Amino acid sequence: MSIAKTYSPAEAEEKWYSYWLQHNFFRSVPDEREPYTIVIPPPNVTGVLHMGHMLNNTIQDVLIRRARMKGKNACWVPGTDHASIATEAKVVAMLKERGINKKDISREEFLKYALEWKDKYGGIILEQLKKLGASCDWERTKFTMDDDMSESVIDYFVHLHKKGWIYRGVRMVNWDPQGKTAVSDEEVIRKEVNQKLYYINYEVAGDEERGADEGRTTHHTPRTQSHITIATTRPETIMADAAICINPNDERYTHLHGKTVFIPLIDREIPVILDEYVTMDFGTGCLKVTPAHDLNDYELGQKHKLQIIDILNDDATLNDKAQILVGEDRFVARKKIAVLLEDAGALEKTEDYTSQIGFSERTNAAIEPKLSMQWFCKMAELAKPALEYVTNGDVKLIPEKFINTYRHWMENVRDWNISRQLWWGQQIPAYYLPNGEFVVAKTKEEALLEAQKIDASFTISDLTQDEDVLDTWFSSGLWPISVFDGVRNPDNAEINYYYPTNDLVTAPEILFFWVARMIMAGHELRETKPFTNVYLTGIVRDKLGRKMSKSLGNSPDPLDLIAQYGADGVRVGMLLCSPAGNDLMFDEKYCKQGSGFVNKIWNAFKLVKGWEVDDSLTSKNETAIAWFASRFNQALAQIEDDFKQYRLSEALMATYKLVWDDFCAWYLEMVKPVYQQGVERQKIDARTYSATVAFFEDILKALHPFTPFLTEELWHDELFGERAELDCCIVAQLPVNGQVNTQLIAEVEVVKQLIEKIRNTRDTNQLSPRDALPLAVKAGSGIRYDSYEAIIKQLGNISELSLVTDAVAGSNSFIAGTDEFFIKLNIEIDVAAETERLTKEKEYLEGFLKSVNAKLNNERFMANAKPEIVENELKKKADAEARLKIVEDSLSGLAG
RNA sequence: GGGAGUUUAGCUCAGCUGGUUCAGAGCAUCUGCCUUACAAGCAGAGGGUCACUGGUUCGAACCCAGUAACUCCCACCA
């Protein structure tokens, strides 16, 4: 049968993914085995796969497949997040395209449209994950707004409310004028923005009387005595000003104490107040106080009992209270008012200025501080234990550097605004009564019972549910519990079996949004951590270091990559460039390397597959077989260790080298039958054949978590014998760590060195690799080179290997390990060049010996260094002396 | 403004408790090979003042102090 020249991934991926599904290999139900659980960070339900997901889910799949192959009951729970703001924004936009305005439809109608949208686009991303090979238990797929999930969220709200940790109040919140909702502090992203600082003159009331103004000690004289100048970046808010504030210690303005001023354009009179909050050397030292539109000003306003004038609508256009520019957007108004002020002679000057502005994480709209009635969750009590889990190592953050960040946030956390003025999400279970009070209960019926405790005459129609929904993170914080129904049924078999989960793989950006809140909820509801390890991946950046994003257009389409390089290739590519905890500089070339690796395995397979056994042959490969068995076990231990430390890149690289270098480049070359002219097809002995096939099978297992499709494809080839229906690589058990003969491995290292030297000799003397050469060995190290004869002959193309006790005159000589080798060539030896080479080596060795001896002769070294270090130095000394002697002998031989 | 992190070969990164012939790996590069698994390959080679300056030590890429550049997080100066 003929084998395809190259491996074609698409076909195998399709075939094996459905095979796995058909045979329920991803399915997990509680049993007597040890569980290994991962809950997916639920992607946005309407999202599409991006490179961050690729990285994240590749890692999760590698971990879950490995656990499965170690005999654990591996359960990877998939699902999606309703992502209230982002999704609602998308639905609103979709409706707008259809000519429907959200304002004109009811909540119920809107939700109907939203659900339609979700059914249509939701789950695209999960389908995409399948292409990557993600072995999630799809029967467990959850959506954060599934009925049971929502019910859990409501339960949690009621629970926290009962504890008194949820309260309602008017606060200055971060208002997203595009999403038309409040957002939490964490959802505000600050960015440096180029702005202008406007210097605006306010007329001082009754100032004309001041005249000569006795005893003023101002640093500079105001241009006109009847004005006070303030600096602001937000001139469009002057109509909401409630006061002008100056520092009481500011001698420039003592004359203003107790005065009032007029707001330009609208001529409203406001007081001048004194507060040390004002920085004297910033701007003009005069601050306009706008309590409705600035957090600090709000606090100042509270302190000084100022009027609050809110001049903005929910969409950040100016309202009637502004008196002028009504209906204009705040940014348009800013430009226009500058002109108006200029015309009125109230604009002193403008200056360029950069400052930090908050933007909404979801809509990217500039955040507007806004006073409103919101629901808050008290964080102090929740944060305290959640911090402890991490500081005491119960929950491990990988890499550890994030512990500090986590601690800082937890120690400084403020109460969390959990209400959102949206429809898409879990509606807050608070019910208002005609008397202005409210009750919190799981259902309207239960709320009524509560209400009737207040007044027995209330009926169900007296109850009005709060319009707001809960922050998405309030529900995703329950994810590891709610997917196992552990909120509603805290003692069910599933939650008891799977929870706490093992590993969480996510991005550091959502450490506070999500990870922290899961730990809080875990403690609050179950008094345990939700997971043991949190593996924080880096941000996927392009090779220029820019974050990959749709808007920059620098992100490749993951599905295109899969089509081009195969899922296995892309998986390998992602992991090759992703050191734990660091950002990943992604370059397609890594995928190319990945697919190259996959192809290499395919070709190795082709080689072995092409062998024919000749039972009459006896094996000459016992040494090679023993060596590879040892190397394999050694590499396996290394890989195990790398995984323990979550060094996935390293684990992959160790696997990569095991396959490419040890297996393909060395082992297969050692044992493969050499090509003989005239022989139609080379044959192999039965012993070598079966050993090699067994090695190959073990290699497939070791590779499977990284390259699941290729390994499954090869696993079922007849090379490995008949397979039962359920005998699949995906559920094969990883080889357990076996014996490692370190002596053998060390000796083979010397033999490999020898072979490289032989090849090098050929190269430098411009001999064809096909010319077999005789090799003489003068061994002093105790290595039995005759036991490596077959290997040396085959890989070095040596015609004859002889053991000698004296230098072979007129030969090329070289050292490998601490032994000397000679190759007799029919070429004149260049005595001068050889002398130079040997002299150089002699000098190096002498220098090296000197430094080793210096250490050994140093009393303090001998006194302080650990015994094994000293022993090592002694060995270095002995080796160097042995080699030096060889070199010196060779030199005198040349001279003689 | 506060805090954390990073800086090692052209690129991406290892280097664990200071001590192994310790300055490494993969990719890229160069040279030679279309050798019966693989040119997506094979064989060989070159490439680094471990950011900089000092210090501690018998010994420093590693520990300490300072400097510089970059990154991230947190923070209400209009």
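All values below come from the heavy atoms of this structure, side chains included, with hydrogens, waters and symmetry mates left out. Predicted, not measured: the structure shown is a model, and the values here were computed from it.
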Peer 1: Could you check whether A:Cys664 gets within reach of a base, just the sugar-phosphate, or nothing at all, counting any heavy atom under 4.0 Å?
Peer 2: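 Base contact - A:Cys664 has a heavy atom under 4.0 Å of at least one base atom.
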Peer 1: As a test of reading the structure: which of B:rA78, B:rA40, B:rG15 is closest to the side chain of A:Arg647, going by heavy atoms?
Peer 2: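 It is B:rG15.
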Peer 1: Within the 4.0 Å limit for protein heavy atoms, which parts of nucleotides 1-10 of chain B are touched? Write it as a string from 5' to 3', B for base, S for sugar-phosphate only, - for none.
Peer 2: ---SS-----
Peer 1: Using a heavy-atom cut-off of 4.0 Å across all strands, would you classify A:Leu287 as base, sugar-phosphate, or nothing?
Peer 2: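 It contacts base atoms.
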Peer 1: Nearest whole Å is fine: how far is B:rA37 C1' from A:Asn599 CG?
Peer 2: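 Rounded to whole Å, this separation is 10 Å.
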Peer 1: Counting the atoms with a prime plus P, OP1 and OP2 as sugar-phosphate, which does A:Lys657 contact under 4.0 Å by heavy atoms, base, sugar-phosphate, or nothing?
Peer 2: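 Sugar-phosphate, no base atom in range.
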Peer 1: Using atom P in both nucleotides, what's the gap between B:rC72 and B:rC13 to the nearest angstrom?
Peer 2: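 It works out to 15 Å between them.
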Peer 1: Determine whether the aromatic ring centres of residues A:Phe663 and A:Phe695 are separated by less than 6.0 angstrom.
Peer 2: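 So the answer is no for these two rings.
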Peer 1: Where the side chain of A:Val278 is concerned, which of B:rA78, B:rA14, B:rA37 is the nearest nucleotide?
Peer 2: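 Within the option list, the nearest is B:rA78.
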Peer 1: Are any side-chain N or O atoms of A:Asp614 and backbone N or O atoms of A:Lys683, one a donor and one an acceptor, separated by less than 3.5 Å?
Peer 2: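 Side chain of A:Asp614 to backbone of A:Lys683, a donor-acceptor pair under 3.5 Å: no, none is there.
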Peer 1: Between P on B:rA43 and NZ on A:Lys757, what's the gap in Å once rounded to a whole number?
Peer 2: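 My rounded result for the distance is 17 Å.
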Peer 1: Starting the side chain at C-beta, find the nucleotide from B:rA37, B:rG44, B:rU12 nearest to A:Lys606.
Peer 2: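 Per side-chain heavy atoms of A:Lys606, the pick is B:rA37.
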Peer 1: Using atom P in both nucleotides, what's the gap between B:rU17 and B:rG5 to the nearest angstrom?
Peer 2: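 Taking atom P in both B:rU17 and B:rG5, they lie 16 Å apart.
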Peer 1: Take A:Asn858 and A:Asp763, find for each the nucleotide of RNA chain B with the closest heavy atom, and name the residue whose nucleotide sits nearer the 5' end.
Peer 2: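 That would be A:Asp763.
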Peer 1: Describe the nucleic acid contact of A:Ser768 in one word from base, sugar-phosphate, nothing, applying a heavy-atom distance below 4.0 Å.
Peer 2: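 Result for A:Ser768 = nothing.
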Peer 1: Any non-hydrogen side-chain atom of A:Arg407 less than 4.5 Å from a side-chain atom of A:Asn404?
Peer 2: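 Yes, their side chains come closer than 4.5 Å.
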Peer 1: Go along nucleotides 45-51 of chain B 5' to 3' and tag each nucleotide: B for a protein heavy atom under 4.0 Å from its base, S when only backbone or sugar atoms are that close, - otherwise.
Peer 2: S------
Peer 1: Measure from the side chain of A:Thr279, starting at C-beta and using heavy atoms only, and say which of B:rA37, B:rC77, B:rC72 lies closest.
Peer 2: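 Nearest to the side chain of A:Thr279 among the choices is B:rC77.
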Peer 1: With sequence neighbours left out, what residues match A:Glu351 under side chain to side chain donor-acceptor pair (under 3.5 Å)?
Peer 2: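 With sequence neighbours excluded, A:Glu351 shows a side chain to side chain donor-acceptor pair (under 3.5 Å) to A:Tyr199, A:Lys349, given in chain and number order.
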Peer 1: Looking only at atom C1', what distance separates B:rC63 and B:rU56, rounded to whole Å?
Peer 2: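 It works out to 8 Å between them.
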Peer 1: I want to verify a distance call: between B:rA43, B:rA78, B:rU20, whose nearest atom is closest to the A:Glu873 side chain?
Peer 2: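 Closest nucleotide among those given: B:rU20.
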Peer 1: Taking atom C1' in both B:rA51 and B:rA61, compute the distance separating them and give it to the nearest angstrom.
Peer 2: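 That atom pair is separated by 12 Å.
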Peer 1: What nucleotide, of B:rA37, B:rA78, B:rG44, holds the atom closest to the side chain of A:Ala604?
Peer 2: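 Looking only at heavy atoms from C-beta outward on A:Ala604, the closest nucleotide is B:rA37.
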Peer 1: Need one value for A:Val852: base, sugar-phosphate or nothing, where a base atom within 4.0 Å counts as base even if backbone is also close, heavy atoms only.
Peer 2: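 Result for A:Val852 = nothing.
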Peer 1: With respect to the side chain of A:Phe282, which nucleotide from B:rU12, B:rA78, B:rA37 is positioned closest?
Peer 2: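 Output: B:rA78.
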Peer 1: Specify the separation, in whole Å, of atom CD1 of A:Ile539 and atom P of B:rU12.
Peer 2: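 A:Ile539 atom CD1 is separated from B:rU12 atom P by 16 Å.
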Peer 1: List for me each residue that meets side-chain contact (heavy atoms from CB on, under 4.5 Å) alongside A:Ala182, sequence neighbours excluded, and say none if there are none.
Peer 2: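 A:Val173, A:Trp175, A:Gln374, A:Asn417, A:Gln421.
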Peer 1: Could you give the distance separating B:rC11 and B:rG1 at their C1' atoms, to the nearest angstrom?
Peer 2: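 Nearest-Å result for B:rG1 against B:rC11 at atom C1': 36 Å.
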Peer 1: Counting a pair only when it is Watson-Crick or G-U and both distances are under 3.5 Å, which runs of at least 3 such pairs involve RNA chain B?
Peer 2: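 Output for stems: B:1-7 with B:68-74, B:10-13 with B:24-27, B:29-33 with B:41-45, B:51-55 with B:63-67.
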Peer 1: I need the NZ-C1' distance between A:Lys592 and B:rG26, as an integer number of Å.
Peer 2: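 After rounding, the reported distance stands at 15 Å.
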Peer 1: B:rC27 phosphate, OP1 or OP2: any side-chain N/O from A:Tyr656 under 4.0 angstrom?
Peer 2: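 For A:Tyr656, the contact criterion (side-chain N or O under 4.0 Å from OP1 or OP2 of B:rC27) is met.
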Peer 1: Sequence neighbours excluded, which residues qualify as side-chain contact (heavy atoms from CB on, under 4.5 Å) partners of A:Asn412?
Peer 2: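 Testing A:Asn412 for side-chain contact (heavy atoms from CB on, under 4.5 Å), a comparison that skips the adjacent residues, returns A:His408.
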Peer 1: Under 3.5 Å, is there an N or O donor on one side and an acceptor on the other linking the side chain of A:Lys600 and the base of B:rC38?
Peer 2: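 In this structure, the two groups form a donor-acceptor pair.
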Peer 1: Go through the structure and list residues passing side-chain contact (heavy atoms from CB on, under 4.5 Å) with A:Ile510, not counting sequence neighbours.
Peer 2: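 Testing A:Ile510 for side-chain contact (heavy atoms from CB on, under 4.5 Å), a comparison that skips the adjacent residues, returns A:Trp473, A:Thr506, A:Phe513, A:Trp514.
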Peer 1: If the threshold is 4.0 Å, N to carboxylate O, is there a salt bridge linking A:Asp879 and A:Lys875?
Peer 2: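 Yes, A:Asp879 and A:Lys875 are salt-bridged.
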Peer 1: A:Glu400: which residues meet the side chain to side chain donor-acceptor pair (under 3.5 Å) condition with it, sequence neighbours left out?
Peer 2: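 Applying side chain to side chain donor-acceptor pair (under 3.5 Å) to A:Glu400 gives none.
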Peer 1: Can you check the A:Gln593 CD to B:rA28 C1' distance for me, whole Å?
Peer 2: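 In whole Å, B:rA28 C1' lies 10 Å from A:Gln593 CD.
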Peer 1: Please report the distance separating the C1' of B:rU29 from the corresponding atom of B:rG46, rounded so that it comes out in whole Å.
Peer 2: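 Pairwise C1' distance, B:rU29 against B:rG46, rounds to 9 Å.
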Peer 1: Determine the contact category for A:Glu669: base if any of its heavy atoms lies under 4.0 Å from a base atom, sugar-phosphate if only primed atoms, P, OP1 or OP2 are that close, otherwise nothing.
Peer 2: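 Contact class for A:Glu669: base.
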Peer 1: With A:Thr237 as reference, evaluate A:Lys288, A:Arg330, A:His293 under the side chain to side chain donor-acceptor pair (under 3.5 Å) test and give the passing residue.
Peer 2: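 Going through the options one by one, the only one that passes is A:Lys288.
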Peer 1: Checking A:Ser799 now: which residues fulfil side chain to side chain donor-acceptor pair (under 3.5 Å) with it, not counting sequence neighbours?
Peer 2: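 With neighbours one apart ignored, the set is empty.
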Peer 1: Can you name the salt bridge (Lys or Arg N to Asp or Glu O under 4.0 Å) partners of A:Lys757, sequence neighbours left out?
Peer 2: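 Testing A:Lys757 for salt bridge (Lys or Arg N to Asp or Glu O under 4.0 Å), a comparison that skips the adjacent residues, returns none.
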Peer 1: Where each residue is assigned the nucleotide of RNA chain B containing its nearest heavy atom, which of A:Val188 and A:Arg234 is assigned the position nearer the 5′ end?
Peer 2: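 First, find each residue's nearest nucleotide; the 5'-ward one identifies A:Val188.
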Peer 1: From B:rG19, B:rC42, B:rG26, pick the nucleotide closest to the side chain of A:Trp660?
Peer 2: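 Of the candidates, B:rC42 comes closest.
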Peer 1: If we take the P atom in both B:rA60 and B:rG47, what is their distance in whole Å?
Peer 2: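 Result for the P pair: 25 Å, nearest Å.
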Peer 1: Between B:rC76 and B:rA68, how far apart are the P atoms? Round to whole Å, please.
Peer 2: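 One P to the other, the span is 27 Å.
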Peer 1: Taking only residues two or more places apart in sequence, or in another chain, which ones meet A:Glu881 in a salt bridge (Lys or Arg N to Asp or Glu O under 4.0 Å)?
Peer 2: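 Residues passing salt bridge (Lys or Arg N to Asp or Glu O under 4.0 Å) with A:Glu881: A:Lys877.
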Peer 1: Rounded to whole angstrom units, what separation is found between the CG atom of A:Asn872 and the C1' atom of B:rG18?
Peer 2: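 In whole Å, B:rG18 C1' and A:Asn872 CG are 15 Å from each other.
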Peer 1: Quickly work out the A:Gln356 CD to B:rC77 C1' distance and round it to whole Å.
Peer 2: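 Rounded to whole Å, this separation is 12 Å.
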Peer 1: If you only use heavy atoms from C-beta on, which nucleotide in B:rA37, B:rA78, B:rU12 is closest to the side chain of A:Cys577?
Peer 2: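 It is B:rU12.
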Peer 1: How is A:Tyr277 classified with respect to the nucleic acid when contacts are heavy atoms under 4.0 Å: base, sugar-phosphate, or nothing?
Peer 2: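 The answer is base, as A:Tyr277 lies within the cut-off (heavy atoms under 4.0 Å) of a base atom.
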Peer 1: Tell me: CG of A:Asn603 to P of B:rG41, nearest whole Å?
Peer 2: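 Spelled out: CG on A:Asn603 to P on B:rG41 is 10 Å.
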Peer 1: At under 4.0 Å between heavy atoms, what does A:Tyr353 touch on the DNA or RNA strands: base, sugar-phosphate, or nothing?
Peer 2: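 Sugar-phosphate, no base atom in range.
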Peer 1: Could you work out, with side-chain contact (heavy atoms from CB on, under 4.5 Å) as the rule, every residue matching A:Lys644, not counting sequence neighbours?
Peer 2: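 Only A:Glu640 meet the side-chain contact (heavy atoms from CB on, under 4.5 Å) criterion with A:Lys644.
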Peer 1: With the threshold set at 4.0 Å, does a side-chain nitrogen-carboxylate oxygen contact exist between A:Glu749 and A:Lys752?
Peer 2: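 Salt bridge between A:Glu749 and A:Lys752, a charged N being under 4.0 Å from a carboxylate O: yes.
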Peer 1: Applying a 4.0 Å non-hydrogen cut-off, can you work out what A:Leu845 is touching in the nucleic acid: base, sugar-phosphate, or nothing?
Peer 2: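 Contact class for A:Leu845: base.
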